[in-house]
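Reading through the structure tokens given below for one structure.
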Protein chains: 2
Amino acid sequence: MELRQLKYFIRTAEVLNFTEAANDLFISQSTLSQQIKQLEEELDILLFDRVGKKIRLTEAGSLFLTYARQALQDTKDGKQIIEDLKELKTGSLNIGVTYGLSALLTDTIVSFSKRYPQIKITVDFGTSEDLLEKLKIAKIDFVLSFLQLPADDAFLSQVLFDSKLALVVHPSHPVAKEKTIDVKELQNICLALPAKGFNTRDFLEGAFTKNNISPSVKVELNDINMLLQLVETGNWCTVLTMASVKGRSNLKTIPITGIDIIRQASITWFKDVYRKKAANAFTEMIQSQIY
Amino acid sequence: MELRQLKYFIRTAEVLNFTEAANDLFISQSTLSQQIKQLEEELDILLFDRVGKKIRLTEAGSLFLTYARQALQDTKDGKQIIEDLKELKTGSLNIGVTYGLSALLTDTIVSFSKRYPQIKITVDFGTSEDLLEKLKIAKIDFVLSFLQLPADDAFLSQVLFDSKLALVVHPSHPVAKEKTIDVKELQNICLALPAKGFNTRDFLEGAFTKNNISPSVKVELNDINMLLQLVETGNWCTVLTMASVKGRSNLKTIPITGIDIIRQASITWFKDVYRKKAANAFTEMIQSQIY
DNA sequence: TCATTGCTATCGGTTAAACCGATTGATCAT
DNA sequence: ATGATCAATCGGTTTAACCGATAGCAATGA
């Protein structure tokens, strides 16, 4: 039994005339006759009564017709959902993002979801390691992070934009009046920093070591939002990329001088896997919102 | 797209390994690879991600899988219902019967319906002409009647049993004490007969004419049940085949002498049409109940 | 580091079956 | 009667499903 035969059968049942059905189906009458016969042999029952030069459905044919129609409809539905997927009328998008880039994501999610309301978005926060692991097993479609990867890896990265590290302070804080601050001066400030293992933190540590600095880290935590809340109390300062503080108008960012503090926000894909159209559309949207 | 390809796709999605799936499907790996590719080309989307030596479903593949499974299930259901039909676990039976044979039918319907409870029985009462017309357009599966047809017709008849015509009287009626009654004596009796056009009536008229008799028909009606009810009042007698009075123990039948009064109950099929298994089973049951 | 294994894609050739045109036999309308 | 119309059947052709062999690539282990 093949879908082809079901199509033939359905059309024949509709017009109850082999010759006409064959024309409709763009096959010869003999072929149609053969194919119907084949179907009848497989089911071991007559689907049509051949009475004189007329044919009509048998009870079996009538019962079977329903199922044949349904089967065909299912394949049409299957095709349709794939077309919908291509036009972003359905589907899902799983985004992995490191904490430092979450602020950036919000705007894009809002406009993407407005443009493609049928697509279900799931955002997965985590460390770079966690996210790359999930990327490998296709739990997420791509990762937004500050991570730079070796080129010969299973991953493929693409830079989105540069973002400088800056001291983040509350306006009431004493250093808030400074235009810039030298990296060495950080030693004199009460810092709350992302926990070790966090990408930005690790990057910072490297910079500190290189400059022989050991700032006083009073608080460490693994949640950027809470970190910024602490800074908002005015008791602590922190160091983050400018991008991480986007949308926090009640905080001040002070450029740090004396070290190379440029970080590159990037998007990372798993090599060789099919890229969802939704994923491509989303990243294009991110990029257009940056520039 | 063919069911074959859907089967291949489903199995491959289940084991996520072309080689293994090909073995399960008893085809070569190369064939499977080709067929999946063909399916992907038709849908214009990748169904599997080939990452290294592993494969996994894409979002499209995952969505499509549901529909592929459903389509296949529908064909299985279609096959199943036909198997059920063969085993008389489903289906319908449409019986045409003339009024004179309705009494006979009751018992068989009871036992048939007990044996094959899933089969829906519809009984169509009518005149022979009506019923043959319905037989022609497959509204009914066969006709039970006293009608004899010309052999060269589109119909095919088969005799079930002989049934003599008899005078039907109520025990309180004066003639009830007679063992037999001559056809000529019918003239002296108040008769209630089936309406003209009814098979038995037409047959009777022929017999009357041949014997130069013109009995006094006081009542004519087109419902055997009501006719017998009238006879039960004791005011009228009627003439019917013995078979028609089956189950009416409160009525007496008196054989009529002097004319050829044997009628043949028969079953009539439409030539060349597929005979439902249920119809065959039913008629076998009728015949076994007769003898 | 290099061979080995395990996997999919592709190539050329074979085979099965879908397909066609022509014909037959039958029914139906004129 | 006769021509028109329809489905079934018969060879012959063509399409495409299928196979084995092999290439190419990743994962694994020595």
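Letters A, B, ... mirror the listed sequences (proteins, then strands); counts begin at 1.
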Inset, instruction - Could you check whether B:F48 gets within reach of a base, just the sugar-phosphate, or nothing at all, counting any heavy atom under 4.0 Å? - result: nothing
Legend entry - Value in whole Å for how far the P atom of D:dA7 lies from OH of A:Y8: 16 Å
Legend entry - Rounded distance in Å - CG (A:L46) to P (D:dA7): 15 Å
Legend entry - Contact list for DNA chain C against residues 20-39 of chain A - heavy-atom distance below 4.0 Å: A:F26, A:I27, A:S28, A:S30, A:T31, A:Q34, A:Q35, A:Q38
Inset, instruction - Figure out the NZ/C1' separation between B:K53 and D:dA26, and round it to whole Å. - result: 6 Å
Legend entry - Rounded interatomic separation in angstrom, taking CD from B:Q5 and P from D:dC18: 9 Å
Legend entry - Sequence neighbours excluded, every pair satisfying salt bridge (Lys or Arg N to Asp or Glu O under 4.0 Å) that has a member inside residues 121-132 of chain A: A:D124-A:K134
Inset, instruction - Could you tell me which residues satisfy salt bridge (charged side-chain N to carboxylate O under 4.0 Å, His left out) with A:D202, sequence neighbours excluded, listed by chain and number? - result: none
Legend entry - Mutual orientation of the aromatic rings belonging to B:F125 and B:Y99 [parallel < 30°, tilted 30-60°, perpendicular > 60°]: parallel
Only pairs under 3.5 Å count here: list side-chain donor-acceptor contacts from residues 38-46 of chain B, not counting sequence neighbours, and write none if there are none.
residue: B:E40; atom: OE1; partner: B:R50; partner atom: NH1; Å: 3.4
residue: B:E40; atom: OE1; partner: B:R50; partner atom: NH2; Å: 3.2
residue: B:E40; atom: OE2; partner: B:L47; partner atom: N; Å: 2.9
residue: B:E40; atom: OE2; partner: B:F48; partner atom: N; Å: 3.3
residue: B:E40; atom: OE2; partner: B:R50; partner atom: NH1; Å: 2.8
residue: B:E42; atom: OE1; partner: B:M1; partner atom: N; Å: 2.6
residue: B:E42; atom: OE2; partner: A:K79; partner atom: NZ; Å: 3.2
residue: B:E42; atom: OE2; partner: B:M1; partner atom: N; Å: 3.2

Inset, instruction - Salt-bridge test for B:E14 and B:R69: reply yes if a basic N is under 4.0 Å from a carboxylate O, no otherwise. - result: yes
Inset, instruction - Please list, in 5' to 3' order, the outermost nucleotides of DNA chain C lying under 4.0 Å from any heavy atom of chain A. - result: C:dA18 to C:dC28
Legend entry - Residue list, salt bridge (charged side-chain N to carboxylate O under 4.0 Å, His left out) with B:D24, at least two apart or on another chain: B:R11
Inset, instruction - Kindly state each residue pair satisfying salt bridge (Lys or Arg N to Asp or Glu O under 4.0 Å) with at least one member in residues 26-36 of chain B, sequence neighbours excluded. - result: none
Inset, instruction - State whether B:R50 places a side-chain N or O below 4.0 Å from either non-bridging phosphate oxygen (OP1 or OP2) of D:dA26. - result: no
Inset, instruction - Quickly work out the B:M1 CE to D:dA17 P distance and round it to whole Å. - result: 13 Å
Inset, instruction - Check whether any side-chain N or O of A:N17 sits under 4.0 Å from OP1 or OP2 of D:dT5, and answer yes or no. - result: no
Legend entry - Test ring-ring contact (aromatic ring centres under 6.0 Å, His included) applied to A:F270 - qualifying residues, sequence neighbours left out: A:F155
Inset, instruction - Could you list the residues that satisfy side chain to side chain donor-acceptor pair (under 3.5 Å) with B:Q5, not counting sequence neighbours? - result: B:Q35
Legend entry - Whole-Å gap separating P (D:dA4) and NZ (A:K54): 18 Å
